[in-house]
Amino acid sequence: MLKGKNIILGISGGIAAYKSVTLLRLLVKAGAEVQVVITPNGKEFITPVTLSSLSGRPVVSEFFSANTGEWHSHVSLGVWADAMIVAPATASTLAKMASGVADNMLVTTYLSARCPVFVAPAMDLDMMAHPTTARNLATLRADGVHVIEPEVGELASHLVGRGRMEEPEKIAAVLDDFFSEKQTLAGKKVLISAGPTYERIDPVRFIGNFSTGKMGYAIAEEAASRGAEVTLVSGPTALKTSHAGIRVVDVESAAEMLAACRAAFDTADIAIMAAAVADYAPAHPFDHKIKRETDGIDTIELVKNPDIAATLGAMKRSNQRLVGFALETDDAVAHGRDKMARKNLDMIVVNSLADAGAGFGTDTNKITILTNGGGEYVFPLKPKREVAVDIMDHIERI
Ligand code: CTP
């Protein structure tokens, strides 16, 4: 989607400027024309030579070229661009943008830009948490600027907190999605459960299952790429998402998953229950490691876990859509219909372990979609990424 797009990459003076080099490379690799505009402080962190070599264009920083005395026209840049991304956006640059202090090329270009503008803030946690920064970001949002939220993590100061610039891959993905025409879920909130749950027996052992979360994560990325604001409630998995539109809530047990899903469901337009929730949990988990000799247990008493999909089904309002999964070994369609009715779902995605290439851990899946209006749609074996597209296409239709 970035192919042939004209993008201004604004770089201000923060340590995260080193990540802008990767962002520049990603944008150029995706086929975009990138013009770098850097603040005087930005040049302290990263050299214009690196940036001009990668972008294939002279880097703009001053109003006048030191060599030729030529005037750099922020106006023509502002008209040329299809999008402007300021990454990193420091507290000072955000403040200048919010109040129109045009004392450098970057802010001047911003004021002349007719295109959509994105900012990826990066600063220390206290600067990020300061009411001034919050106020400036609110002003920029109100002015239509897209804010790519910073992450929580270790900062240049070695303090841990919110203020780490979003990863270049995610920033590039946000821009890519913006230019994609399939923003069919813009403004919608989607809740997705994914992965297994672990039910503790003692501090080192659990009851779990073989779910890897791949299907749920693929659906989350597809929904986010259509513009949805996604909450991904994830059981323990090794997966990471590469999309800034996805908020991951990590949980371990079914009880935690239920609490996280309930909290997000109220404001959700669509909920997709792709998690493989353990049906039972140990009734009395040990608070210490069970010792073979001294504790010597033969049985573990189990209690039934809450049914998350059914709980949401009972809470569901008429403007909400609830989608479930059913992994079956036999009579998949009949069991799927039964589950859809029992849990008050609008649609259920059935996969059978009898089909080679379907189920846990695989990169492919073979699904049948059942809708509560009686629809039945059989799909061939496909990569999970493509299965996610089929599922989201269908959800948008029900
Ligand atoms: N599900 C859930 N909470 C549970 C169990 C299941 O939210 N405690 C959801 C799953 O995420 C899935 C659907 O319900 O969307 C069906 O899950 P499945 O395990 O196949 O169904 P069960 O109700 O557990 O039925 P059974 O074990 O009899 O097959």
Side-chain angles (χ1 to χ4, degrees), residues 190-200 206-220 223 230-237 239 249 251-266 268 270-283 302-316 320-355 358-361 365-372 384 387-388 390-392 394-395 398:
V190 178
L191 162 67
I192 297 166
S193 74
T197 64
Y198 288 179
E199 312 298 332
R200 285 181 186 232
F206 59 85
I207 295 174
N209 58 64
F210 291 120
S211 167
T212 55
K214 280 182 187 164
M215 196 63 248
Y217 273 64
I219 294 170
V230 177
T231 301
L232 176 61
V233 178
S234 175
T237 74
L239 300 177
V249 181
V251 296
E252 184 180 283
S253 63
E256 288 173 14
M257 187 173 272
L258 174 65
C261 286
R262 280 183 85 124
F265 187 63
D266 195 41
I270 298 167
I272 305 165
M273 300 289 102
V277 185
D279 286 329
Y280 295 91
L302 300 175
V303 286
K304 234 182 169 162
N305 265 336
D307 188 320
I308 301 166
T311 307
L312 301 188
M315 295 163 65
K316 192 176 69 173
Q320 292 178 304
R321 295 286 168 267
L322 180 60
V323 176
F325 272 74
L327 178 61
E328 306 291 345
T329 51
D330 48 90
D331 285 341
V333 168
H335 281 129
R337 283 228 170 271
D338 176 55
K339 270 178 202 173
M340 180 159 56
R342 253 191 299 127
K343 301 185 191 214
N344 195 24
L345 309 175
D346 300 285
M347 178 177 132
I348 194 158
V349 182
V350 179
N351 36 148
S352 169
L353 275 184
D355 290 317
F360 289 150
N365 206 356
K366 180 170 173 10
I367 60 160
T368 299
I369 289 179
L370 306 176
T371 62
N372 71 356
K384 282 186 173 163
V387 174
D390 292 336
I391 292 170
M392 288 314 303
H394 246 86
I395 291 174
I398 58 173

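First listed ligand is number 1; within each ligand, the first listed atom is number 1. Keep in mind it's a predicted model, so treat the numbers as computed, not measured.
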Min side-chain heavy-atom separation [X]-[Y] under 4.5 Å:
X: Q320; Y: M315; answer: no
X: V349; Y: M215; answer: no
X: M273; Y: L191; answer: yes
X: L322; Y: N344; answer: no
X: F325; Y: K339; answer: no
X: T212; Y: Y217; answer: no

In the protein, which heavy atom is nearest to [atom], and how far is it?
atom: atom 28 (O) of ligand 1; answer: K339 CE, 4.5 Å
atom: atom 3 (N) of ligand 1; answer: I308 N, 2.9 Å
atom: atom 4 (C) of ligand 1; answer: V277 CB, 3.5 Å
atom: atom 12 (C) of ligand 1; answer: F325 O, 3.0 Å
atom: atom 11 (O) of ligand 1; answer: A275 O, 2.7 Å
atom: atom 7 (O) of ligand 1; answer: A309 N, 2.8 Å

Identify whether the distance between the nearest side-chain nitrogen and carboxylate oxygen of D307 and R342 falls below 4.0 Å.
no
Are the side chain of T197 and the backbone N or O of E252 linked by a donor-acceptor pair below 3.5 Å?
no
With distance as the sole test, does R262 use its side chain to make a donor-acceptor pair with the main-chain N or O of M257 at under 3.5 Å?
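Checking the backbone N and O of M257 against the side chain of R262, no donor-acceptor pair under 3.5 Å is found.
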So is [X] close enough to ligand 1, meaning a heavy atom under 4.0 angstrom away?
X: A254; value: no
X: P306; value: yes
X: D307; value: yes
X: K343; value: yes

I'd like to check atom 22 (P) of ligand 1 in this structure: does the protein have a heavy atom lying under 4.0 Å from it?
yes
What atoms of ligand 1 come within less than 4.0 Å of a heavy atom belonging to D279?
5 (C), 24 (O), 27 (O)
Under a 4.0 angstrom heavy-atom cut-off, which atoms of ligand 1 come close to G324?
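Per the distance check, 15 (O).
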If you measure every N or O of M273 against every N or O of ligand 1, does any of those distances drop under 3.5 Å?
yes
